[in-house]
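The residues of the chain are indexed from 1 along the displayed sequence. Start at 1 and go down the list; that is how both ligands and their atoms are numbered.
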Amino acid sequence: MPAEPYFKPERGQRPGANQDPRLDWWRQAKFGMFIHWGVYSIPAGVWNGEHIPGIGEWIMLRAEIPIKEYEQLALDFNPVKYDAEQIVQLAKAAGQKYIVFTSKHHDGFCMYGTAQTPYNIVNATPYGEDILKALSEACEREGIKLGLYYSQTQDWHHPNGYGNTWDYDESEQDFNDYVETFVKPQVAEILSNYGPIAIVWFDTPRIISPRQSQELLDLVRELQPECLVCGRLGNQLGDYATAQDNAIPPELRAEVDWETPATINDTWGYKTHDHNWKSTTQLIRNLVDIVSKGGNYLLNIGPDSEGAIPEPSIERLQEMGQWMEANGESIYGANPGPLQGLAWCRSTQEPGAVYLHIFDWSRSGRFVLPDIGAGTASWVDQSLEAPLSLMRKGGQLILQGPREAPNEHVSVIRLTK
Ligand code: FHN
């Protein structure tokens, strides 16, 4: 059976980019916050009283909502609880170093003030404020990098955008005109009006041609040369590879820089019916697993239509942050470690130290590993006082710790010479 394609071929990394120092901050960061937010947070998964299956931000397509009807949502969009500072503080508390915000998703509604269409947060809603402006200012103040999601191919609102087969006749659409007269000017806007943008996070490349992908890349480079472009620009042109949603490769992937975008429950855009929240332990393990294999974790929140962040997301991010506060040394800037393929533990490393992240604590508190040349073992979390010893015997390292895992999520041991 062929291995699962964790990276679709068109979601690759341009040759040589894995040596590019422009990605150094991102390689250091490891953990980011994705934000999916738009007018789809009003129906929140329910249309005409019917629960529409699937991810919340796809409701327009899944329920084939006519544009004229869907547009009415904007008239009710008044997110008075939106607080950019609170969102950025939450990201910081979680230990996330960058934010990626949906400037325009597939439904075509723009969450920033654009001159290309009145269908945007400033001109089409009672709220009337530029949500992105406030977010960019809060990010700048708090030293968090800001990336922008932009749907460059699917646009179910624009007459020449891809994907709306219920309002438009595909054979009459002119996708090239859409790219030239709408996408490029919008990409120029988001890169000109909101200060330094760290990433443009393109998505679902579908029908975009190699020339169109290249020209978008050139535009980003021209306007903000330091700005990264994710692997979903299409045609293998991104600065880093983007894994499939929620997918963690089974093995080390050291040959490319990569990122897994992921949900905390099962949707990106807010849905009232989705209560399938992953546990904090699972989320921390996902982060560790990803970093141990060479990737970054971009974990999503979906604010509701008032702009409030769902409480279960807040709780989990805060708990992740507590773990990161104590154990972040083994995550930020860490490379994949020498021990790979073990079920009970993951490893990362930096010069002079190997970090063992223990997922399954043994009942005896004893762990046997291949001798990787370490002479001392210590807890990364300085508040831990449980005894820990290391012995080298017959080409093996024998670690002896307490009988109970000292951390309920993942306990981290530092091995040094
Ligand atoms: O279709 C989108 C989806 O709505 C969401 O934005 C995710 C995030 O990675 N990307 C696409 C599906 O892969």
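For atom 5 (C) of ligand 1, the nearest non-hydrogen atom from the set His36, His106, Arg232 comes from His36.
For the pair Glu71 and Lys68, the salt-bridge criterion is met [side-chain N within less than 4.0 Å of a carboxylate O]. One finds no salt bridge joining Asp218 and Arg211 here, because no Lys/Arg side-chain nitrogen approaches an Asp/Glu carboxylate oxygen to under 4.0 Å.
With a 4.0 Å heavy-atom cut-off, ligand 1 is reached by the side chain of Thr204 but not by its N, CA, C or O. At a 4.0 Å heavy-atom cut-off, ligand 1 touches His105 through the side chain alone.
For ligand 1 and Trp58, the ligand atoms under 4.0 Å from any heavy atom of the residue are 1 (O), 2 (C), 3 (C), 4 (O). Close approach to Glu57 involves these atoms of ligand 1, each under 4.0 Å from a residue heavy atom: 3 (C), 4 (O), 5 (C). Atoms of ligand 1 found under 4.0 Å from any heavy atom of Tyr149, numbered from 1 in the order shown, are 6 (O).
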Could you walk me through whether Asp304 and Lys81 pass the salt bridge (charged side-chain N to carboxylate O under 4.0 Å, His left out) check?
-> CA-CA 9 Å; Asp304 69 16; Lys81 293 190 182 154; 5.9 Å; no
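On a distance-only criterion, Trp201 and ligand 1 share no N/O pair closer than 3.5 Å. Distances between N or O atoms of Gln154 and those of ligand 1 include no value under 3.5 Å.
For the side-chain contact (heavy atoms from CB on, under 4.5 Å) test with Tyr240, the passing option among Val229, Ile199, Asn296 is Ile199; the others fail.
Tyr82 places a side-chain N or O within 3.5 Å of a backbone atom of Ile131 that can act as its donor or acceptor partner.
Judged by a 6.0 Å distance limit and a 45° cone about the ring axis, Lys97 is not positioned over the six-membered ring of Trp25.
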